[in-house]
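All residue numbers in this chain count up from 1 along the given sequence.
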Amino acid sequence: MGVMLESELKSGKIFGDFENNEYVYMPASEFGVDEPLCVYETLEGREDVTLEEALRLVRVRSLRPVKHPRLGKTSC
């Protein structure tokens, strides 16, 4: 499952939870970078996280593919 989640993040898929207003995604500017950063977004703001941390957040918080209120279905 980890490889599949990583692949989905690297393709621009946005994971989130509408009720808690949390989103994790990889910005298009990070595609193809050796050590890409992802974004963890909440009501309190946005922060850069490593790909490993983004994968952990998706798993621990049970985030699912969603449509972001501003970005839509993908970050590309």
Side-chain angles (χ1 to χ4, degrees):
M1 183 167 170
V3 174
M4 194 168 187
L5 278 177
E6 183 175 340
S7 174
E8 290 178 312
L9 274 172
K10 286 183 172 182
S11 70
K13 190 166 278 190
I14 299 172
F15 290 84
D17 179 351
F18 291 121
E19 288 185 29
N20 295 315
N21 291 303
E22 325 179 71
Y23 302 94
V24 174
Y25 57 90
M26 182 182 293
S29 62
E30 295 293 315
F31 293 175
V33 175
D34 288 337
E35 294 182 31
L37 291 176
C38 295
V39 174
Y40 176 54
E41 188 176 315
T42 64
L43 287 177
E44 288 80 39
R46 298 170 57 191
E47 68 177 278
D48 291 339
V49 295
T50 64
L51 179 58
E52 291 77 22
E53 178 64 8
L55 292 168
R56 189 190 75 76
L57 287 166
V58 170
R59 282 191 216 102
V60 169
R61 300 191 178 277
S62 298
L63 303 178
R64 302 287 178 233
V66 295
K67 184 175 180 184
H68 189 279
R70 192 179 68 255
L71 299 173
K73 290 184 180 182
T74 68
S75 62
C76 331

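Remark: Arg56 pairs with Glu53 by the side chain to side chain donor-acceptor pair (under 3.5 Å) rule, at least two apart or across chains. Judged as a salt bridge (charged side-chain N to carboxylate O under 4.0 Å, His left out), and not counting sequence neighbours, the contacts of Lys10 are Glu6. Scored by the side chain to side chain donor-acceptor pair (under 3.5 Å) test, Arg70 finds no partners at all (sequence neighbours excluded). Glu44 is linked by a side chain to side chain donor-acceptor pair (under 3.5 Å) to Thr42, counting only residues two or more places apart in sequence or in another chain. Applying the side chain to side chain donor-acceptor pair (under 3.5 Å) rule to Asp48 yields no partners; only residues at least two apart in sequence or on another chain are considered. Evaluation of the salt bridge (charged side-chain N to carboxylate O under 4.0 Å, His left out) rule for Glu52 yields no partner, not counting sequence neighbours.
Applying the 4.5 Å side-chain rule to ILVMFWY residues, one finds Ile14, Phe18, Tyr23, Tyr25, Val39, Val66 in the same cluster as Leu71. The hydrophobic side chain of Val33 is isolated, with no ILVMFWY side chain under 4.5 Å apart from it. Counting Ile, Leu, Val, Met, Phe, Trp and Tyr side chains that sit under 4.5 Å apart, directly or through other members, Leu43 stands alone, with no cluster partners.
Between Ser11 and Cys76 the shortest heavy-atom distance is O-SG, 3.7 Å.
Identified under the ring-ring contact (aromatic ring centres under 6.0 Å, His included) test for residues 30-60, with sequence neighbours left out: none. The salt bridge (charged side-chain N to carboxylate O under 4.0 Å, His left out) contacts involving residues 21-34 comprise Glu22-Arg61, where partners must be two or more places apart or lie in separate chains.
Rounding to the nearest 0.5 Å places CG of Leu55 at 11.0 Å from CG of Leu63. To the nearest 0.5 angstrom, His68 atom NE2 is 15.0 Å from Lys73 atom NZ.
Under a hydrophobic clustering in which Ile, Leu, Val, Met, Phe, Trp and Tyr are joined whenever their side-chain heavy atoms come within less than 4.5 Å, directly or via other members, Val58 and Leu37 fall into different clusters.
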